Amino acid sequence: MKTSIATVCIAGDLREKLAAIAAAGFDGIEIFEQDFITFDASPSEVGAMVRDHGLEISLFQPFRDFEGLPEPERARAFDRMERKFDLMQELGTDLVLVCSSVHPKALGGIDRMAADFAELGARAAARGLRVGFEALAWGKHVWDHRDAWEVVRRADHPNIGLIVDSFHTLGRKLDPESIRRIPGDKIFFVQLADAPLIEMDLLYWSRHFRNMPGEGDLDVTGFMRAVAATGYDGPISLEVFNDQFRGGSPRAIALDGHRSLVWLMDQVKRAEPDIAIDVPDIPPRVTPEGVAFVEFAANETEADTLRKLLRSLGFRLAGRHIAKQVELWQQGEIRIVLNTDPEGFAHTSHIAHGLNVCDVGLAVDSAAATVERATALGATPFRQPVGPGELEIPAIRGVGSGLLHFIDGTSDLADVWKTEFQPAEEPETDAGLVRIDHIAQTMNYEEMLTWSLFYTSLFDTRKQATVDVVDPGGLVRSQAIESPDGALRVTLNGAETHRTFAGRFIADSFGSSVQHVAFATDDIFATAEALEKTGFQALAMPENYYDDLAARLGLDADFVAGLQAHNILYDEDADGAFFQIYSRSFGDGIFFEIVQRKHGYGGYGAPNAPFRVAAQRRMMPQPGMPRR
Ligand SMILES: O=C(O)c1ccc(O)c(O)c1
Ligand SMILES: [Mg+2]
């Protein structure tokens, strides 16, 4: 199955767009007329430029306000189309999209429109060209693909077909199943876009908020299943109008687009096993089993700070690497790897970002299958030289600057801690931290969709609704991505400005990455008491917070006093309760969190986030003042 993307989807001039589209692996493009007109080269030069990139022009679009016009506008529309036919022939494409009319003079009537298309079909056929009719969700008379299909059916011309666009169908809440009964050879082209569910004017929503399949809330998979069932075997093409994408990195957006199509067609193929769909077989979405380790890159001074902090959190040094300056710190099932080695990826990462989480290890069923799926989705596999006695652990580059390693239980990989580390013989210590609850990654707001698509396309995960966290320096949008059983929980935090605590972290560490790691305890008060003995310094929460908490949730005074005594933050949802303790931040604003989930609490303490952020900001060094 061929893939295509409309040139409107991404930033840059036509040349930059083509380079990015070709590099991402697409087969073709929809040339948006605007992109052609603004480019200073002849149609045949543009056609050659596209083909030089190994791409074909799968569609020329849009042609507006064609059908249903009275004379003399009708004759004018045909003349106009003849000029565009000339252009298409010079460009080297045989298909044009006509979108349903919004012309004030356009008349209704299926037969009138069908007659216009029948005549247009004859003119197109004379030149060996084809015309596809698309129902815009806000068309004057035609705004439903079923009506567009009826026009095409009655036009009854081999050179006239239907174009379906998931946004117009799903945005109008039309049932995509109605597409299943249309003959596949009468569908000339398929455009795909997703969008977040926001109540607003259809046209505005379409022109500014579309996103890649899987990035929004529409059932693009259901739409594409119905299309696939018709036997349609033409290109599947992205047509995404999005303000951020237009100003984003052409390469990154093109890669996201290609990834979304690979994900989509894999979903469709699995859901419709009886339909022959011409896409390669790839391993299924991976079920994460947990976070196997979190690795910090540090220099010696930073490593000392981190060691002290880890000890104060109840961790112990569990092992030293057989060959490298790498330590393993452990508590419960939590493994923190501290890498100060002067060579390798961690060192390079430290040079670029300073103290940072350079690597996250995930436990999966099959590490090899995970890398295979990730690679099919456009991720870059990672390798570095393996020393004697070391294992080759499958890895990829994550979306930020870090790595993701995959550890499975079926091979020697499960024994990596025994194979590569010598026990440190330190006495067992414990503050009751048992496992990693979640990992929080911070990025610029514009990168959030890239990250969420990365996780949701590779792993069996779902997105929670986005919440806004108000930082005194601006908004931070936060979205959780979770596997069904919670074994992997990642929160994505998109900073709009560099004045927020999260934004400052990105600026100071020169890139997006893990800003905090949350450890789970099964008894927050026991943990808090243990931490008092180990010298842990919690982030101090103000009295105002506790007064409000008591009032807001109607809590018992003794209970609130207990929370306050240990700087514990608290939240409740319909199911259960949530307790949080924060560490002070270190490095460029990294911190740890300790959480307890009671009775299936499903969130992340979003109501507490503004108060936590404010407390962290109070601890930040102010100009001319020492850090408190
Ligand atoms: O917003 C528009 O006008 C427009 C144009 C062409 C399309 O294919 C489309 O889906 C929307
Ligand atoms: Mg369209």
Side-chain angles (χ1 to χ4, degrees), residues 3-10 26 28-38 57-68 77 80-81 84 87-88 93 95-104 106 117 130-149 151-152 160-174 176 179 182 187-195 198 200-213 215-216 218 220 223-224 226-227 232 234-243 245-246 257 260-261 264:
T3 56
S4 162
I5 182 168
T7 51
V8 268
C9 299
I10 48 182
F26 286 91
I29 57 164
E30 298 177 24
I31 287 215
F32 225 73
E33 189 170 31
Q34 186 84 354
D35 282 322
F36 165 74
I37 299 171
T38 54
I57 305 176
S58 45
L59 179 78
F60 175 76
Q61 78 135 328
F63 190 89
R64 298 184 191 275
D65 296 335
F66 165 72
E67 78 284 5
R80 200 157 49 87
M81 187 57 115
K84 297 303 164 185
L87 171 58
M88 286 165 64
T93 182
L95 182 63
V96 59
L97 175 148
V98 172
C99 52
S100 57
S101 185
V102 297
H103 197 288
F117 275 104
R130 299 178 302 143
V131 177
F133 185 37
E134 175 196 51
L136 292 179
W138 53 90
K140 185 162 181 233
H141 297 288
V142 174
W143 42 262
D144 182 326
H145 63 261
R146 290 169 295 194
D147 292 331
W149 162 235
V151 171
V152 167
I160 299 294
L162 178 70
I163 292 182
V164 287
D165 177 324
S166 61
F167 179 86
H168 297 299
T169 294
L170 301 171
R172 269 265 178 195
K173 301 193 174 64
L174 305 174
I179 295 171
I182 299 172
I187 300 179
F188 280 4
F189 204 72
V190 172
Q191 296 180 314
L192 297 168
D194 204 335
I198 317 174
M200 71 168 89
D201 172 68
L202 277 169
L203 185 146
Y204 197 78
W205 186 27
S206 174
R207 296 243 175 108
H208 302 275
F209 292 92
R210 290 188 183 202
N211 53 25
M212 304 297 178
E215 291 182 342
L218 303 181
V220 186
F223 174 89
M224 195 57 218
V227 171
Y232 172 80
I236 47 167
S237 188
L238 297 166
E239 192 201 28
V240 175
F241 309 92
N242 182 298
D243 297 355
F245 297 1
R246 283 179 199 259
S260 78
L261 290 182
L264 176 71

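Given the structure is predicted, the values throughout are model-derived calculations rather than measurements. One-based numbering, in listed order, for ligands and for the atoms of each.
- Taking each heavy atom of Glu67 and Ala106 in turn, the nearest pair found is O-CB, 4.1 Å.
- A salt bridge links Asp165 to Arg210: at least one charged side-chain nitrogen sits closer than 4.0 Å to a carboxylate oxygen.
- Residue Trp138 places a heavy atom under 4.0 Å from ligand 1.
- Protein heavy atom at the shortest distance from atom 1 (O) of ligand 1 is Arg207 NE, 2.6 Å.
- The distance between the ring centers of Phe133 and Phe188 does not fall below 6.0 angstrom.
- Nearest to the Mg ion (ligand 2), among the N, O or S atoms that Glu134 has, is OE2.
- Distances from the Mg ion (ligand 2) to each N, O or S atom of Asp165 single out OD2 as the nearest.
- In terms of protein heavy-atom proximity, atom 6 (C) of ligand 1 is nearest to Gln61 OE1, 3.1 Å.
- Within ligand 1, counting atoms from 1 as listed, the ones closer than 4.0 Å to a heavy atom of Glu134 are 6 (C), 7 (C), 8 (O), 9 (C), 10 (O).
- Under 2.8 Å from the Mg ion (ligand 2) lies an N/O/S atom of Gln191, whether from backbone or side chain.
- Per-residue contacts place Glu239 under 4.0 angstrom from the following atoms of ligand 1 (heavy atoms of the residue considered): 6 (C), 7 (C), 8 (O), 9 (C), 10 (O).
- Within Glu239, OE1 is the N, O or S atom that lies nearest to the Mg ion (ligand 2).
- Nearest protein neighbour of atom 11 (C) of ligand 1, counting heavy atoms only, is Leu136 CD2, 3.5 Å.
- When only non-hydrogen protein atoms are considered, atom 10 (O) of ligand 1 lies nearest to His168 NE2, 2.7 Å.
- Looking at Leu59, Val131, Leu87 one by one, the single match for side chain to side chain contact (heavy atoms under 4.5 Å, CB included) with Val96 turns out to be Val131.
- Only the side chain of Arg210 comes within 4.0 Å of ligand 1, counting heavy atoms alone; its backbone N, CA, C and O stay farther away.
- Side-chain contact, Gln61 with Glu134: no donor N or O sits under 3.5 Å from an acceptor N or O.
- Close placement of the His168 and Trp138 rings is indicated, their centers lying within 6.0 Å of each other.
- Close contacts between ligand 1 and Gln191 involve ligand atoms 8 (O) [criterion: under 4.0 Å to a heavy atom].
- For the ligand labelled ligand 1, residue Glu30 lies outside the 4.0 Å heavy-atom shell.
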